[in-house]
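In what follows, chains carry the letters A, B, and so on, assigned in the order in which the sequence lines appear, proteins first and then strands, with residues in each chain numbered from 1. Here the structure is a predicted model, which means the values were calculated and not measured.
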4 protein chains.
Amino acid sequence: MDLDLQKYSVRTDLAVESRELAGGTGSAPIPGVMEDVVQEDGIKITRLDVENDAASQQIGRVKGHYVTLEVPDLRKGDTGLQDQVSVVFAREFEAFMSRIGIGPKASVLIVGLGNWNVTPDSLGPLVVENVMVTRQYFELMPDRVAPGYRQVSAVAPGVLGLTGIESSETVQGIVEQIRPDLIIAIDALASRSLERVNTTIQIADIGIHPGSGVGNKRKGLTQEILGVPCIAIGVPTVCYASTIVNNAIELMKSHFGEGAPETGKIMGMLHDIPEGERLALVKEVLEPLGHDLIVTPKEIDEFIEDIANIVASGLNAALHEAVDPGNVGAYTH
Amino acid sequence: MDLDLQKYSVRTDLAVESRELAGGTGSAPIPGVMEDVVQEDGIKITRLDVENDAASQQIGRVKGHYVTLEVPDLRKGDTGLQDQVSVVFAREFEAFMSRIGIGPKASVLIVGLGNWNVTPDSLGPLVVENVMVTRQYFELMPDRVAPGYRQVSAVAPGVLGLTGIESSETVQGIVEQIRPDLIIAIDALASRSLERVNTTIQIADIGIHPGSGVGNKRKGLTQEILGVPCIAIGVPTVCYASTIVNNAIELMKSHFGEGAPETGKIMGMLHDIPEGERLALVKEVLEPLGHDLIVTPKEIDEFIEDIANIVASGLNAALHEAVDPGNVGAYTH
Amino acid sequence: MDLDLQKYSVRTDLAVESRELAGGTGSAPIPGVMEDVVQEDGIKITRLDVENDAASQQIGRVKGHYVTLEVPDLRKGDTGLQDQVSVVFAREFEAFMSRIGIGPKASVLIVGLGNWNVTPDSLGPLVVENVMVTRQYFELMPDRVAPGYRQVSAVAPGVLGLTGIESSETVQGIVEQIRPDLIIAIDALASRSLERVNTTIQIADIGIHPGSGVGNKRKGLTQEILGVPCIAIGVPTVCYASTIVNNAIELMKSHFGEGAPETGKIMGMLHDIPEGERLALVKEVLEPLGHDLIVTPKEIDEFIEDIANIVASGLNAALHEAVDPGNVGAYTH
Amino acid sequence: MDLDLQKYSVRTDLAVESRELAGGTGSAPIPGVMEDVVQEDGIKITRLDVENDAASQQIGRVKGHYVTLEVPDLRKGDTGLQDQVSVVFAREFEAFMSRIGIGPKASVLIVGLGNWNVTPDSLGPLVVENVMVTRQYFELMPDRVAPGYRQVSAVAPGVLGLTGIESSETVQGIVEQIRPDLIIAIDALASRSLERVNTTIQIADIGIHPGSGVGNKRKGLTQEILGVPCIAIGVPTVCYASTIVNNAIELMKSHFGEGAPETGKIMGMLHDIPEGERLALVKEVLEPLGHDLIVTPKEIDEFIEDIANIVASGLNAALHEAVDPGNVGAYTH
């Protein structure tokens, strides 16, 4: 088994998954990685800071702040839980903004990345459809805007195959025209575990990097490129068939008892080799046969709509002081 | 009857209608307005040039070239006729481009104006969905693009109420990023006559002016603003209730015999006063009651889709030499 | 002027319009027509009973009970008013059901008539999409259904051109399978006045008759055919161009002063002839030219969605005791 | 390992997969199972007859005729191949009909099963949207129907959760009203292998059985129930995560060399136990953790639309002699 591990690297867009791969929460702390995990009412909140280049290299993540909400029950379609996640998301997002120095008057451009014709990639455009847009009032009748609102504009730039234009080009062009103080980019992500799909929301101040997301951007949306801070909101909506297989083998290990001689008998070397190597092995088998498809749960239409509503409601409450967090649902439809 | 004719000016976005109001085809020629009308197979083609400021003032149209296709039977849903209109449109559009000096290699940005949530205003976005987009191939693998294609990109910028951004701002931003040689802007228009709705296509090299179209742009898309020539393609999809009434009174005049004493008896002063004044009268009655609604035919969903396909197929054939005009339908779905 | 008034009869599906044509509210009472009009908060409620054949003939309406809500401001998009109309509709609908003897346990089949591909004809299917459907719980787990709910099923049968099957055939087939106690049929209607379009809701216990509605049914949905009582809910969403013209002439009459000599001078005989005859005249002029199109307001997409939500929320509250009228919006999205 | 194999039985709706599980093509013939496999231009056609009860029991399939088209490259989006599959499907379907005694004049009701709101379950409704419907012409103007057409009607009954009515109840009701000679039911299926998803079409004269398909029908559509023959067309659009894992393990076996001692070392008992038992094992591990999700490829929107067009075009050509198989695309959009 001579595997090109580089080639078959574990594809994840989530910091919590990178952390797991680098040893897992609860394992020895990584220098330069600050971590804070709280549980509240079925929502696991992980605040993770990658503070220096060494930490960045070790964990395989860009330097920056990451907040992740994991809500395993989100797929159950419980509207009460959805409202609650929306409230928690609003609170975390508001805290995130003030932590990185974004004030209550800062104007915001919301960018919904992804392809609206591909359901699991349509999260960004759906959020854009559901957020409150207010910039036109500030432009047309600035004296009559009620207090407690800020300037928000929103755009879904589409994808290269639909427009012939990189989404980053469109966004950069708009940014130069309207000069917002902050960009919030929403994107569908790939996860390395099927159970995180549609149950996890990540907030990060690192912008969007090339190759991330479902639709493989070729150019990024970062403060370096745009001259404006960019907070990325990501939700995993797909995963590779190979990661499903790899996860299942991992679960079988625990099921039969990790390290038990019995388990070794059942699973052979699959039990012994490190996870990264095993995934590479699985990919090596599936990929040439065209079996390493990217998949999404059957109920993706409903999941995407539910999460888009959660994020849009949460953003409305976080961005406008006048929007009551208890009433976050009222501004979307 | 003391009417503010300015206020109640006849709303039309069509040059052929302005021409009619200024005297009608067949009436005395207007100095500085060149006009050429041909009929072929149920398609009336009017080529109209407004050559100087005097003419512009008299006819109430910006200086420039206007080509109009009128196809009264287009609402009958005959796919054979639709294909034929698409071919004629492609031919006229190609001629129009070379006349204003756009070469076969010029790169093009197609802009679909309008609100995709408002069916009669969704023509532009629908055309954008159906045109061939090729710029990405020129960017990613320039050596492998087959001959006979040019660089085309396409975007639907949305409307102010949805994005908080003027569509002209979005377009200007994109233009500065990708620097196309030509912009083609597609927009749904208002007509002053119900029978032109969804049966007429206008090509003009004047760009888009504030206040035109169904959705009332506040800023234009013109060569002055964008630094790039802008051809506007417009299709009337709505008209005012008042113009329906006014048209009907006109039709009644001809029906009973224009100028006949009998007609005067039936219609009173409605027969005698000039058309513009009569429309003002109708508006004066309807508007304060909120009855001067903008309306569209019941079958608008199908009409819009049919015309969007005609325009998209025609553009594909006109823009790419490799696309066979006899086969224009193949690149859209 | 020798007009076939039969042929050009005034097309309306609304009892209040028939009443107007037969003399207008406030004019002398018609024997056998009971009428009760109340105004509350911008909602005009007309309860009209056609009690015998003579009255039916005179007013041109089938014998039965009619309740009409007219809300001129409904087109303004005010969500507060929409909620209020929904509550009033629920109350009126509940009263209507008990008046015709439908008890709180009666099972209901909701039928959404019309063509989902034609926006102004899609009201019925949209309501079906938004009502609470409960019959499956009564079938699958009758012991676990909470009190305060009744059996409701809902179907949109489509139109003849889409399915090859008359909607009445589909409904009859389903009725024979599931034997509901009541059918509620929702249909988009034609109005004779543009201002009633999308501002009026009619409830009637007469079922659906051939030729009514936007899509011209050839067979009806009536108690005679189905063996089950059928309440029709109708909302006008279109009108003829000719009725717009006719209405405008009527409005001009009042504007200039009905009966004043001045008005006669302005409008000639158009002032003097009876309304029905004048409409026939207008139709005679417009129809042969193909100008008597059926039209709908430009904003039809939004109007249809708003009214579908009002009707669906209202039905949910009226049909299920457990659904709180103050909370009617919660069960639709 | 004490597994309830019954409970974890291999879920498949495809006869070719049942055949594989019972030994695989190329293995010893099963008495009472007739089998014929041809390859043409990338399309593998398997005609499989289950002729008696013993064969039915052994193979785990209802007695009947099964034709399966497998086209691995169908996911590549090649429109040429799609057209070709459509032509082959039409030919096979026509042969299938005459083999079971359906003549060229037999009237047909096409039933599109599934939930239009769930993309991987929306195949049936999409096909219904795209087939030619002709019954209305036979009803309204029988003398004017051109030769070479038969009576076709089409309906998408929806699912229990949307309507409160079993789709079989709706279909039965319609059948009793319009009495077709044949029912063709289209349904999305579950496969036990990710690579068959969206690449396989099955035709069978066994109707639809409870529990089959993506949406778990509780009642069937069979000749016994409906009194009319029912041909089922099925396309797998989803599979279980557990079957992906199981397949991958199978592929690893072949990759390392089935039966080689090396492979046993790598894979332990996973190499040795029979496939059915291994799948049960995987399910035993994944299910309790909620990890045995049903998944679909990320590109499901496009796949579903492509296959719906293939099936609709194929049906149009197979059902109407006047529709040219070389021109099958023309009647859908």
Side-chain angles (χ1 to χ4, degrees), chain B residues 1 72-73 75-76 115 117-122 188 190 193-195 197 214 237-242 244-249 251-256 262-273 281-282 284-286 288-302 305, chain C residues 1 72-73 75-76 115 117-122 188 190 193-195 197 214 237-242 244-249 251-256 262-273 281-282 284-286 288-302 305:
Chain B
M1 283 191 307
D73 285 353
R75 281 202 289 241
K76 291 190 181 153
N115 186 340
N117 292 334
V118 174
T119 306
D121 197 21
S122 65
S193 124
L194 187 52
E195 92 254 29
V197 167
V214 171
T237 63
V238 299
C239 70
Y240 280 86
S242 52
I244 293 179
V245 175
N246 191 46
N247 280 191
I249 295 175
L251 290 169
M252 286 162 85
K253 269 170 66 176
S254 341
H255 183 80
F256 300 126
E262 164 84 356
T263 311
K265 237 193 282 171
I266 300 174
M267 304 187 59
M269 276 173 54
L270 292 177
H271 173 257
D272 305 321
I273 57 175
L281 177 66
V282 173
E284 197 193 50
V285 173
L286 296 185
L289 300 166
H291 283 213
D292 195 14
L293 293 178
I294 302 176
V295 299
T296 192
K298 169 177 78 109
E299 303 82 356
I300 184 66
D301 304 86
E302 195 184 346
E305 201 168 305
Chain C
M1 283 192 307
D73 285 352
R75 280 202 291 241
K76 291 189 181 155
N115 186 340
N117 293 333
V118 174
T119 306
D121 197 21
S122 65
S193 124
L194 187 52
E195 93 253 30
V197 167
V214 171
T237 64
V238 300
C239 69
Y240 279 86
S242 52
I244 293 179
V245 175
N246 191 46
N247 281 191
I249 296 174
L251 291 169
M252 286 161 86
K253 269 171 64 177
S254 341
H255 183 79
F256 300 127
E262 164 83 355
T263 311
K265 236 193 283 174
I266 300 174
M267 303 187 59
M269 277 174 53
L270 292 178
H271 173 257
D272 304 322
I273 57 174
L281 177 66
V282 173
E284 196 193 48
V285 172
L286 296 185
L289 300 166
H291 283 214
D292 196 13
L293 294 177
I294 301 176
V295 299
T296 192
K298 171 176 77 109
E299 302 82 355
I300 185 65
D301 303 85
E302 196 184 343
E305 201 167 306

Nearest heavy-atom contact between C:V118 and B:K298 is CG1-O, 3.7 Å
Find the one option among B:S242, B:S254, B:P72, B:P120 whose heavy-atom pairs under 4.5 Å with chain C are most numerous.
B:P120
B:V285: side chain to side chain contact (heavy atoms under 4.5 Å, CB included) partners, not counting sequence neighbours:
C:L251, C:M252, C:H255
Identify, with sequence neighbours excluded, every residue that meets side chain to side chain contact (heavy atoms under 4.5 Å, CB included) alongside B:E195.
B:R75, B:S193, B:N247, C:H291
Nearest heavy-atom neighbours spanning B:T296 and C:P297:
CG2-O, 4.2 Å
Let me know if C:D292 has heavy atoms under 4.5 Å from chain B in its side chain, its backbone, both or neither.
neither
Minimum heavy-atom separation for B:L194 and C:L293, please, with both atom names.
CG-CD1, 3.5 Å
Determine the sole option in C:I300, C:N115, C:T119, C:D121 for which the side chain to side chain contact (heavy atoms under 4.5 Å, CB included) test with B:D301 is passed.
C:T119
